[in-house]
Every structure is written in structure tokens, then in C-alpha cells.
*Asks:* 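The following block contains the structure, expressed as C-alpha cells.
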Amino acid sequence: MKPANSILSSFGTTIFETMSRLAQAHGAVNLGQGFPEGLEPADVIAKAAEAVTAGPNQYPSMMGTPDLRTAVAAHDRRFYGLELDPMAEVMVTSGATEALAACLFGLIEPGDEVVLIEPLYDSYLPIIRRAGGTPKLVRVEPPHWDLPREALAAAFSPRTKLMLLNTPMNPAGKVWGQDELEFVAGLLERFDAYCVCDEVYEHLVYDGRRHVPLMTLPGMRSRCLKIGSAGKIFSLTGWKVGWVIAEPHVLGPVAKAHQYLTFTTPPNLQAAVAWGLGKEDSYYDGLAAMLAERRDRLTAGLERVGFQVMATGGSYFITADFRPLGFAGDDGEFCRHITEQAGVTAIPVSAFYQGGDVNHFARFCFAKTEGAIDEAVMRLERFFARIGP
Ligand code: PMP
Ligand code: GLN
């Protein structure tokens, strides 16, 4: 048999799928894969159920239903003051994952360079490579996740087509500051590059801070493609409804990729998301407040167990250094060990890097019920008390 595509074949099964399967096999509390539990809004789900029965149930426009495109534009005006033409500057996709793929396939020409920050989300590199792009990686590392500005500037060149920026950042929980965004904006202008902005955690920012889209900085409106995900806004990750916002000249080529990837997204889910985006501010504030509480609950619990927990300003995740527990293996071994032996699953942070020595951190998802968080902490406390440091 002739070989399949060599680039995609070279990647294994994603770490999220692998760890969730392992969690299931061992009856572990799954704080690994980033999906929320117990936060799903009943009214948004009821709207989807109504829309399934009432229809329509046929292909909507490939750009998304007018209702959802209008709702996305209204959302971005409400929260960020962006003025968007919903019919020309918003495209609905089947999740942010598809939005990312459409942006990368739509913009990258073989040989183009793409600047990325590690740790990075798992779908970025396979798609960039498949599109013929050359990744230029810059690392931020725990405990502070500070941006090495010189290294970032050095990663740009006249061949840079785009940068991919994730804020708030998975798995670091880093919320990029205004000065860092301004620095990025300067580089994009200097090298005439686009920025694909993965902002799926835009509403999951804590401690009184607010999410700032790079697109709102001076000069950035025409360079940025801003990606959102209803999965994160409504804690309904299985729905896979996302979107891309960009000026028409940038969105055009991205739509060309989207029309051959998924073409469209279920109309009933689009209807429910369009309705949900209009929810009052208290919904959005309440979600962030609830998640901040869960973050604090899990942080305190992991600290009691003996982990050294890194600060998290946004996203669903905390990262924790397990060296104080005296475990003598790397992070992949640690996450497997606690799944099998303690009944708690986490994700090894090294899975978000291409090599290097960040291999003693585990990522825990705190978007879970209080019961699940307490149970996980209790299992870990019991387990590590037994084996000792
Ligand atoms: N980007 C980041 C940083 C993510 O963490 C995720 C997944 N949770 C996605 C994109 C994908 O989002 P979606 O489920 O909407 O495809
Ligand atoms: N984004 C989620 C995470 O980081 C997982 C998404 C997936 O499983 N593909 O855990």
C-alpha cells in the first residue's frame, strides 16, 4: 500500500483523547481534557432543542446564519467596542478548531513563516505544516510565563506571513498584558504580517481583569483574524460552534478554505448560540466569578497535597509543579501514574512544547463541579500521604 500523508501520519493521537481514555479505563476524576462540567446554561440548551424541532434542518449559508453573524457582531460591539459589518466580516465555523484550520489554510503559502508561542495548543503545528508553513517557535515558561521580547522580534522576518497568538493562553493561564500586545502589534506592522488571534477563553479572565483583543489596538483591525468559540462561552464544548472575525479582504480567502472543510455548521445550534450571546452581562460576569472560585478551590487543594501551583489569570487551567511531591519521573509518567494509582487525571505540560526541559508540570482543569474538585483533591491527598515525599 502507498503511504498516507507523511506530515499528518507523523503525529500521534492527541494527548487530550489519550488521557480521557485512560481516565475512563481507571475510573479517574478527569481534570485533564478541558471540558466543563455542571456549568451548561439550561436556557441555551432549551433553545437548541426548540430549534431542532421547529427547524430549519437543512444547510444554512456557508458563512453562518444571519442571526448568529449579527449576534457575534453585537457581542463584539458590547464587550470591545468593535464595529463589524456582520454580513461581510463574520464567518461561523464548526468550532474554533475549524476556524483555526480555515485561517491557516486560507492564508499560508508553502514556504511562509509562522510565528508561534510555546506552550501551544495541539492543533496549530499539524495544520501549519500541512499547509506548507515553516513554524518559528518562541517559548514562554513557568513560573512567570514572561514574554522574551528579543526572541520574539528575532523570530520575525520578511518571510513571516502571520503570527498565531492565544490569549488567555492554554495551558499557561497567561493573560497577555497591554504592553505585550503593543509590542506584538509593532512587530506585525514592521513585518507586514497577519495575526490569527485564538481568543476562545475571552470571557474566562479573572481577578477584575478584562480581555483585550489585539484587534482593538491601533492599526490592528486590518491585520487580525479574531477567533471565538461558543463551546467556551456557554460551557458546551461538544457543540463545536465558533467564528472568525476579520476585514472582508482577509476573511475572503479564509472562507475559501472553510467552504471545503465543513462548509457549514448545524443551524439549530447556531440559533441557540445567537440567542445566548444576547444574555445579560450578569451571565458573563457570573461565569467568570464561578470559575475563579473553582480555580481557587482547586489551587488550595493542590497546595495542601504539596504541589507548587502557578498563578492563572484566565482559561480553564492551572499548572502545578509536582517536584515537591518527590516523584522521580517526567510529567508524562506523573500524569499516567496519578491516573492509574490515585484515580485523578491531568495533562502533562510538555505535550504543549516541542522538546525542552519543561517536564515537571501537570495541567489541571478546574471547570468542573465542586464535588469533582473535592473528590480529586481527596484522592490525591490520600495517595501522597500514603507514599510520602
Ligand atoms: N484553541 C484553544 C486554545 C483551545 O484550548 C481550544 C479547545 N478547547 C480550541 C482552540 C478549540 O475550540 P473548539 O472546541 O471551539 O474547536
Ligand atoms: N482544548 C481542550 C484542552 O486543552 C481540548 C480539546 C480537544 O480535546 N481537542 O484540553
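We're numbering straight along the sequence, starting at 1. Both backbone and side-chain heavy atoms feed into the values below; hydrogens, waters and symmetry mates do not. Read the numbers this way: they start at 1 and go in the same order the structure lists the ligands and their atoms.
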*Asks:* Under 4.0 angstrom from ligand 1, any heavy atom of Phe35?
*Replies:*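 Contact absent.
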*Asks:* Apply side chain to side chain contact (heavy atoms under 4.5 Å, CB included) to Trp176 and Leu147, showing your working.
*Replies:* CA-CA 9 Å; Trp176 287 57; Leu147 177 67; 3.7 Å; yes
*Asks:* Quick test: of every protein heavy atom, which one is nearest to atom 8 (O) of ligand 2, and how far off is it to 0.1 Å?
*Replies:*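 Result for atom 8 (O) of ligand 2: Gln33 NE2, 2.7 Å.
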*Asks:* Taking only heavy atoms of Gly95 into account, list the atoms of ligand 1 that are under 4.0 Å away from them.
*Replies:*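 With Gly95 as reference, the close atoms of ligand 1 come out as 15 (O), 16 (O).
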*Asks:* With heavy-atom distances below 4.0 Å as the criterion, list the atoms of ligand 1 near Lys240.
*Replies:*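 In order of numbering, the contacting atoms are 13 (P), 14 (O), 16 (O).
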*Asks:* Using a plain distance cutoff, I'd like to know if Asn166 has any nitrogen or oxygen under 3.5 Å from a nitrogen or oxygen of ligand 1.
*Replies:* no
*Asks:* Determine, using the 4.5 Å side-chain heavy-atom cutoff (strictly less than), whether Trp239 and Phe234 are members of one ILVMFWY cluster.
*Replies:* yes
*Asks:* So, are Glu381 and Arg304 salt-bridged, with charged N and O less than 4.0 Å apart?
*Replies:* yes
*Asks:* Does only the side chain of Met19 get under 4.0 Å from ligand 2, or the backbone, or both, or neither? Count heavy atoms.
*Replies:*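 It is neither part, as no heavy atom is under 4.0 Å.
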*Asks:* Of Phe361, Phe384, Phe334, Phe383, which meets ring-ring contact (aromatic ring centres under 6.0 Å, His included) against Phe327?
*Replies:* Phe334
*Asks:* Look at ligand 1 and say whether Met169 reaches it with a heavy atom at a distance under 4.0 Å.
*Replies:* no
*Asks:* Counting each atom of ligand 1 from 1 as listed, which ones have a heavy atom of Lys232 under 4.0 Å away?
*Replies:*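 Listed by number with element, the hits are 6 (C), 7 (C), 8 (N), 12 (O), 14 (O).
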*Asks:* Please report the C-alpha distance between Thr299 and Arg295 in whole Å, then the side-chain angles of each, then the deciding distance to 0.1 Å, and finally whether the side chain to side chain contact (heavy atoms under 4.5 Å, CB included) criterion is met.
*Replies:* CA-CA 6 Å; Thr299 299; Arg295 173 199 64 177; 4.1 Å; yes
*Asks:* Judged on heavy-atom distance to atom 7 (C) of ligand 2, which of Phe317, Tyr201, Tyr121 sits nearest?
*Replies:* Tyr121
*Asks:* For the residue pair Phe364 and Phe307, is the inter-centroid distance of their aromatic rings smaller than 6.0 Å?
*Replies:*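 Ring centres of Phe307 and Phe364 closer than 6.0 Å.
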*Asks:* Check for me whether Lys161 meets the cation-pi criterion with Phe191, that is, NZ or CZ under 6.0 Å from the six-membered ring centre and within 45 degrees of the ring axis.
*Replies:* no
